[in-house]
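Worksheet: the structure to be examined is printed underneath.
All figures in this text were calculated on a predicted structure; none of them were measured in a lab. Positions are given from 1 along the sequence.
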Amino acid sequence: FPTGAVAGTVSSTGWQSCSIDAQCRFTSEELATFNGEDEEKPVLLSLVSYIFNVTKAPHFYAFKTGSYAYLSGTEASRSLATMSRKPQHVNNHTLSDLNDDQLEELYNWIDKYNDKYGLVGRLVDWNPGFTIEEFNAMSGFSLKPVPARDEL
């Protein structure tokens, strides 16, 4: 892992080597720096704590011009589930109050991102209001917990 990743974080220059095995660990603060404003960095976003590289879709995620640019560098689950750009939904990790239709929308987005974009790592401070195990029971997915920092 690059400098920073061992401690559970990603340095601005070392993200690529940890992304090869999808082992990068980001905090929300670190993820926010991958919002497309710096053209030297990839554009990343998190969906249920899984961080995807969405750089190949600038029409959606390009800084200020993409239709989903407001999601770049964020934990996007709630915004996508509710299809909302409202500030209270953007980068809000809470999912425990979503209704069945919103959860179904989120599950559809998870499938889309898994099919279209490369996984680079995990969001270490994701806090949706329930456990991964509870999410898996609701969704039928098999998401894994973010490894503890000492397991790196």
Side-chain angles (χ1 to χ4, degrees), residues 1-58 60-64 66 68-98 102-103 106-107 109-114 116-136 138-139 141-152:
F1 293 101
T3 303
V6 172
T9 61
V10 177
S11 71
S12 62
T13 58
W15 79 272
Q16 291 136 325
S17 58
C18 63
S19 70
I20 293 167
D21 295 325
Q23 296 298 311
C24 298
R25 308 295 192 275
F26 296 81
T27 64
S28 294
E29 184 178 332
E30 291 163 336
L31 179 62
T33 69
F34 292 86
N35 66 357
E37 186 172 7
D38 180 346
E39 293 180 9
E40 299 297 315
K41 290 183 175 182
V43 180
L44 307 177
L45 66 76
S46 172
L47 188 61
V48 296
S49 82
Y50 285 78
I51 298 178
F52 294 91
N53 183 338
V54 297
T55 307
K56 71 178 186 178
F60 292 129
Y61 302 103
F63 186 69
K64 293 187 179 179
Y68 291 105
Y70 66 98
L71 297 177
S72 299
T74 72
E75 206 317 299
S77 301
R78 186 174 185 85
S79 287
L80 291 171
T82 59
M83 295 306 298
S84 173
R85 294 178 179 225
K86 293 179 182 176
Q88 66 265 31
H89 293 149
V90 176
N91 210 24
N92 179 339
H93 296 203
T94 304
L95 303 176
S96 57
D97 62 345
L98 297 179
Q102 292 167 330
L103 286 169
L106 176 58
Y107 306 153
W109 281 106
I110 293 168
D111 288 337
K112 287 176 192 175
Y113 277 79
N114 278 325
K116 290 179 80 170
Y117 301 110
L119 179 66
V120 298
R122 300 292 297 277
L123 188 66
V124 298
D125 57 355
W126 185 57
N127 185 9
F130 46 68
T131 66
I132 289 276
E133 293 79 10
E134 291 168 325
F135 183 79
N136 287 340
M138 290 185 302
S139 67
F141 286 106
S142 299
L143 305 181
K144 300 193 182 326
V146 177
R149 291 180 181 197
D150 59 357
E151 293 177 18
L152 297 176

Value rounded to 0.5 Å, distance of OH in Tyr61 from OH in Tyr70: 9.0 Å
Enclosure of Glu133 CD (heavy-atom neighbours >12, cutoff 6.0 Å): yes
Residues, nucleotides or ligands: over 12 heavy atoms within 6.0 Å of Lys112 NZ: yes
Candidate pair Phe141 and Asp111, rule side chain to side chain contact (heavy atoms under 4.5 Å, CB included), full reasoning: CA-CA 10 Å; Phe141 286 106; Asp111 288 337; 3.5 Å; yes
Whether Phe60 and Tyr68 hold their rings parallel, tilted or perpendicular, with breakpoints at 30° and 60°: tilted
Minimum heavy-atom distance Ser139-Tyr107, with the two atoms named: CB-CE2, 3.3 Å
From CG (Leu123) to CG (Leu44), nearest 0.5 Å: 11.0 Å
Trace of the side chain to side chain contact (heavy atoms under 4.5 Å, CB included) decision for Leu80 with Leu71: CA-CA 9 Å; Leu80 291 171; Leu71 297 177; 3.6 Å; yes
Leu98 side, atom CG; Arg78 side, atom CZ - distance, nearest 0.5 Å: 5.0 Å
CG-CG distance between Asn92 and Asp97, expressed to the nearest 0.5 angstrom: 7.5 Å
Steps toward side chain to side chain contact (heavy atoms under 4.5 Å, CB included) verdict (Asp125, Phe26): CA-CA 8 Å; Asp125 57 355; Phe26 296 81; over 6 Å; no
Closest contact, heavy atoms only, Ser79 versus Val90: OG-CA, 3.2 Å
Lys56 side-chain N/O to Gly118 backbone N/O, donor-acceptor pair under 3.5 Å: no
Pairwise distance CG(Leu45) to CG(Leu31) - rounded to 0.5 angstrom: 7.5 Å
Ser96 versus Gly129, closest heavy-atom pair with distance: CB-O, 3.7 Å
Aromatic contact, Tyr113 with Tyr50 (centres under 6.0 Å): no
Side-chain heavy-atom pair Trp126, Ile132 within 4.5 angstrom cut-off: yes
Closest non-hydrogen atom pair, Val43 against Ser72: CG1-OG, 3.3 Å
Passing option when Ser49 is tested against His93, Glu75, Arg122 for side chain to side chain donor-acceptor pair (under 3.5 Å): Arg122
Where Ala76 and Leu47 come nearest, the two heavy atoms and their spacing: C-CD1, 4.4 Å
Any Leu106 side-chain heavy atom under 4.5 Å of Val48 side chain: yes
Minimum heavy-atom distance Ala62-Ala69, with the two atoms named: O-CB, 3.0 Å
Rounded distance (nearest 0.5 Å) linking atom CE of Met138 with atom CG of Leu103: 5.5 Å
Residues forming a side chain to side chain donor-acceptor pair (under 3.5 Å) with Thr74, sequence neighbours excluded: none
